[in-house]
Amino acid sequence: MPSERFYRLSKEKQNLIWEASMKEFIAVPYEKVSINKIIRDAGISRGSFYTYFEDKRDVLSFLLKDITRKWREFCLEGLDKADGDIFSLMESMMEYALEFCKNNDLFSLHKNLIMYPDDALMECVADDGELERAVGEEFFGKIDRSKLRDDSTGGVLLLLKLCFAAMMAGIGELHKYPDHEEAIKRDYKKALSLLKYGAYKDSEKDQAKE
């Protein structure tokens, strides 16, 4: 992770380094990532780079954790704005996710990283539930569960996973068909509606018969 010296830089300078690093990790496979290219694009010296980071794996760890932090903050702030409505949050998250992925090609990033046979690197890349842990109890405490049929933590978590699965499918579609953004948003809203109200017209009556 970055040194204290990095965090003493201005936000503008930190963002330049972040953007230069992300651009390089997206552009080429991990083994070809060039620290020289990063420092050139960020406008810093090689000596300065090594006072901020140990190596390129350290930079990658920083990028991934910072993405997690951004999502955590968006989730918590979004729930406050939506008064705890999980479906309003998910709709706004899709807008945020599509915009984020247009600016940062996360599919290319994942492809460039996952092909590199390095166990230590894969520990950084693997989906080990870090976002879920980062959000934690604070997130669940903000959700309005009063209208949910299953308001248990397990039920809410399952609902979130289904919402995120639909979101990731939409992001995948955007990667393949960048001109279909509006259609992707419409389909995601339909998916949320199915999760919210059920696929059957009289879902509660039908469930009672089972």
Side-chain angles (χ1 to χ4, degrees), residues 1-78 81 89 92-116 118 120-135 164 167-168 170-182 184-185:
M1 290 300 290
S3 66
E4 287 298 319
R5 185 168 180 177
F6 174 83
Y7 289 112
R8 289 199 295 269
L9 294 172
S10 67
K11 285 295 181 183
E12 181 181 6
K13 197 66 177 179
Q14 289 182 32
N15 288 338
L16 283 173
I17 296 171
W18 193 100
E19 290 168 3
S21 300
M22 180 64 79
K23 178 182 176 182
E24 179 66 1
F25 277 101
I26 287 172
V28 297
Y30 177 79
E31 67 270 21
K32 294 183 179 179
V33 166
S34 168
I35 290 176
N36 287 335
K37 184 77 181 299
I38 292 172
I39 62 178
R40 183 168 65 248
D41 289 350
I44 60 175
S45 69
R46 191 174 184 85
S48 293
F49 175 89
Y50 284 107
T51 65
Y52 307 145
F53 302 98
E54 292 182 6
D55 50 27
K56 64 183 181 182
R57 183 182 284 112
D58 199 26
V59 178
L60 173 62
S61 179
F62 162 64
L63 291 175
L64 297 179
K65 289 182 184 300
D66 197 59
I67 290 171
T68 298
R69 178 188 62 79
K70 285 180 167 67
W71 277 102
R72 175 185 180 278
E73 290 176 354
F74 182 88
C75 287
L76 295 176
E77 291 173 6
K81 292 177 181 177
L89 170 67
S92 63
M93 280 189 72
M94 184 57 154
E95 294 278 352
Y96 179 81
L98 292 177
E99 189 63 29
F100 187 89
C101 290
K102 282 191 295 183
N103 296 328
N104 305 279
D105 188 351
L106 298 187
F107 275 88
S108 293
L109 174 65
H110 187 264
K111 181 183 69 175
N112 287 341
L113 298 177
I114 202 165
M115 295 175 66
Y116 190 70
D118 183 321
L121 177 63
M122 292 310 298
E123 288 178 6
C124 295
V125 178
D127 179 12
D128 60 357
E130 184 172 357
L131 177 58
E132 190 176 298
R133 292 196 303 273
V135 172
F164 276 115
M167 183 184 298
M168 293 308 297
I171 293 171
E173 284 293 302
L174 182 69
H175 182 70
K176 291 188 292 184
Y177 309 108
D179 296 332
H180 293 187
E181 183 174 349
E182 292 306 314
I184 290 167
K185 290 178 182 178

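Bear in mind the structure is a predicted one, so any value in this text is a computation, not a measurement.
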Report summary line: In this structure, CG of L16 is separated from OG of S10 (nearest 0.5 Å) by 8.0 Å

**Report entry** Separation between CZ of F6 and OG1 of T51, rounded to the nearest 0.5 Å
**Finding:** 10.5 Å

Query - Residue list, salt bridge (charged side-chain N to carboxylate O under 4.0 Å, His left out) with E181, at least two apart or on another chain - result: K102, K185

Query - Any F53 side-chain heavy atom under 4.5 Å of P2 side chain - result: yes

**Report entry** M94 to G170 - nearest heavy-atom pair and separation
**Finding:** CE-CA, 3.8 Å

Query raised in the report: How far does CG of L98 sit from CE of M167, to the nearest 0.5 angstrom?
Result: 8.5 Å

Quiz: residues 33-44 side-chain donor-acceptor pairs under 3.5 angstrom, not counting sequence neighbours:
from	atom 1	to	atom 2	distance (Å)
S34	OG	N36	N	3.3
S34	OG	K37	N	3.0
N36	OD1	R46	NH1	2.5

**Report entry** Separation between CG of L63 and CH2 of W18, rounded to the nearest 0.5 Å
**Finding:** 6.5 Å

Report task. Check whether any side-chain heavy atom of I184 lies under 4.5 Å from a side-chain heavy atom of Y177, and answer yes or no. Result -> no

**Report entry** All side-chain contact (heavy atoms from CB on, under 4.5 Å) counterparts of R8, not counting sequence neighbours
**Finding:** E4, R5

Query raised in the report: Where do E77 and K81 land on the salt bridge (charged side-chain N to carboxylate O under 4.0 Å, His left out) test, with the steps shown first?
Result: CA-CA 6 Å; E77 291 173 6; K81 292 177 181 177; 5.1 Å; no

Query raised in the report: Going from CE on M168 to SG on C101, what distance comes out if it is rounded to the nearest 0.5 angstrom?
Result: 7.0 Å

Report summary line: All heavy atoms of Y7 vs all of Q14, minimum pair found to be O-NE2, 3.4 Å

Report task. Return yes if some donor-acceptor pair links the side-chain N/O of S61 with the main-chain N/O of R57 below 3.5 Å, else return no. Result -> no

Query - Donor-acceptor contact below 3.5 Å, side chain K56 vs main chain Y30 - result: yes

Query - Partners passing side-chain hydrogen bond (donor to acceptor under 3.5 Å, both in side chains) against D58 (at least two apart in sequence or in another chain) - result: none

Report task. May I ask you to check if K70 and F100 form a cation-pi contact, with NZ or CZ under 6.0 angstrom from the six-membered ring centre and within 45° of the axis? Result -> no

**Report entry** Counterpart residues, salt bridge (charged side-chain N to carboxylate O under 4.0 Å, His left out), relative to E19 (two or more places apart)
**Finding:** none

**Report entry** Aromatic contact, F62 with Y52 (centres under 6.0 Å)
**Finding:** no

Report task. Kindly compute the distance separating CG (N15) from CE (M22), expressed to the nearest 0.5 Å. Result -> 12.0 Å

Query raised in the report: Can you name the side-chain hydrogen bond (donor to acceptor under 3.5 Å, both in side chains) partners of S45, sequence neighbours left out?
Result: S48

